[in-house]
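One structure is given below, encoded as structure tokens.
The first residue of the sequence shown is numbered 1, and numbering continues consecutively from there. Read the numbers this way: they start at 1 and go in the same order the structure lists the ligands and their atoms.
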Amino acid sequence: MSDCLFCKIIAGDIPSKKVYEDESVYAFYDIDPQAPTHFLVIPKEHVESCGAITPENSAVVAKCFEAISKITKELGLTDFRVVSNCGPQAGQTVFHLHFHVLSGRDMTWPPG
Ligand code: 5GP
Ligand code: ZN
């Protein structure tokens, strides 16, 4: 998607601080971190949100979570939270599926 911020980050048109990359996933640090460690894991395929997952594209979710497991092990993170906001009321501001990974501080539940 030519007007999608995260597609532009994947393409390298907008700079980002890369955490991990493979053929189907890209991960990078959030520009406005909400925890001592806060990065985003996104599929390279443009999918709008969790609400747009179908049997045809659901493999990208597994790839993202495989990456989350790998990255957190590499960073030595044992305790972390994974969040995906779906829709404006839930706090989604970028409409390319992404999983926030937050770590390094106490987390509250329920989230605000
Ligand atoms: P959402 O609000 O959609 O759940 O998450 C979008 C996230 O993308 C936010 O946490 C925001 O800080 C991050 N973000 C927005 N623009 C950029 C950018 O240009 N670079 C990086 N690294 N993160 C961004
Ligand atoms: Zn996109």
Side-chain angles (χ1 to χ4, degrees):
M1 286 258 300
S2 56
D3 62 345
C4 170
L5 175 69
F6 286 175
C7 282
K8 287 178 185 162
I9 284 179
I10 291 164
D13 296 339
I14 292 174
S16 64
K17 198 172 166 202
K18 181 162 88 173
V19 184
Y20 172 83
E21 182 174 16
D22 64 30
E23 61 187 8
S24 47
V25 172
Y26 188 73
F28 56 106
Y29 286 104
D30 197 293
I31 203 167
D32 182 20
Q34 301 301 313
T37 301
H38 182 183
F39 58 88
L40 304 171
V41 178
I42 67 178
K44 288 187 172 175
E45 179 183 338
H46 180 89
V47 176
E48 192 171 294
S49 71
C50 285
I53 297 298
T54 65
E56 287 70 38
N57 65 20
S58 63
V60 302
V61 177
K63 294 292 184 188
C64 286
F65 276 82
E66 286 175 35
I68 289 168
S69 179
K70 199 170 189 170
I71 297 162
T72 51
K73 276 187 188 67
E74 281 173 10
L75 296 179
L77 305 176
T78 53
D79 295 46
F80 56 90
R81 179 170 288 178
V82 181
V83 175
S84 190
N85 301 320
C86 182
Q89 191 177 31
Q92 187 175 14
T93 58
V94 178
F95 291 84
H96 179 126
L97 177 65
H98 52 281
F99 298 99
H100 296 259
V101 180
L102 302 128
S103 185
R105 65 164 170 81
D106 292 339
M107 306 278 169
T108 57
W109 192 262

Q89 atom CD, over 12 foreign heavy atoms within 6.0 Å:
no
Answer yes or no: are there more than 12 heavy-atom neighbours, outside D79 itself, under 6.0 Å from its atom CG?
no
Going by the closest heavy atom to atom 7 (C) of ligand 1, which one wins out of L5, I9, D30?
D30
From the options L102, I31, N85, select the one whose nearest heavy atom is closest to atom 23 (N) of ligand 1.
I31
Checking S24 against V60 for the side chain to side chain contact (heavy atoms under 4.5 Å, CB included) test, could you report, in this order, the C-alpha distance in whole Å, the side-chain angles of both residues, the deciding distance, and whether it holds?
CA-CA 7 Å; S24 47; V60 302; 5.8 Å; no
Before signing off on this row, confirm whether H98 and ligand 1 have an N or O atom pair separated by under 3.5 Å.
yes
Would F99 and C50 count as a side chain to side chain contact (heavy atoms under 4.5 Å, CB included) if you check the C-alpha gap in whole Å, the side-chain angles of each, and the deciding distance to 0.1 Å?
CA-CA 10 Å; F99 298 99; C50 285; 4.3 Å; yes
Between N57 and A52 (side chain of the first, backbone of the second, donor and acceptor by atom type, cut-off under 3.5 Å), is there such a pair?
yes
Flag, side chain of S49 to backbone of G51, donor-acceptor distance under 3.5 Å:
yes
Looking at ligand 1, does [X] have a heavy atom less than 4.0 Å from it?
{"X": "V83", "result": "no"}
{"X": "F95", "result": "no"}
{"X": "G91", "result": "yes"}
{"X": "H100", "result": "yes"}

Tell me which N, O or S atom of H46 sits nearest to the Zn ion (ligand 2).
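This turns out to be ND1.
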Return the name of the atom in H96, of element N, O or S, nearest to the Zn ion (ligand 2).
ND1
Specify the protein heavy atom at minimum distance from atom 22 (N) of ligand 1: its residue, its atom name, and the distance to 0.1 Å.
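Residue, atom and distance for the closest contact: Y29 O, 2.9 Å.
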Protein contact of atom 2 (O) of ligand 1 - nearest heavy atom, named by residue and atom, plus distance
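Minimum-distance protein heavy atom for atom 2 (O) of ligand 1 reads T93 OG1, 2.7 Å.
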For Q92, atoms of ligand 1 separated by under 4.0 Å from a heavy atom:
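Contacts of ligand 1 toward Q92, numbered from 1: 3 (O).
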With a cut-off of 4.0 Å, which atoms of ligand 1 are near a heavy atom of D32?
12 (O)
Using a strict cut-off of less than 4.0 Å between a Lys/Arg side-chain nitrogen and an Asp/Glu carboxylate oxygen, indicate whether E21 and K44 qualify as a salt bridge.
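A salt bridge is present here (some side-chain N lies under 4.0 Å from a carboxylate O).
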Within the structure provided, determine whether L40 and Y29 are in side-chain contact (heavy-atom separation under 4.5 Å).
no
Could you go step by step and tell me if L77 and T37 meet the side chain to side chain contact (heavy atoms under 4.5 Å, CB included) rule?
CA-CA 9 Å; L77 305 176; T37 301; 4.0 Å; yes
Would you mind telling me if ligand 1 is within reach of the side chain of F6, the backbone, both or neither, using heavy atoms under 4.0 Å?
side chain
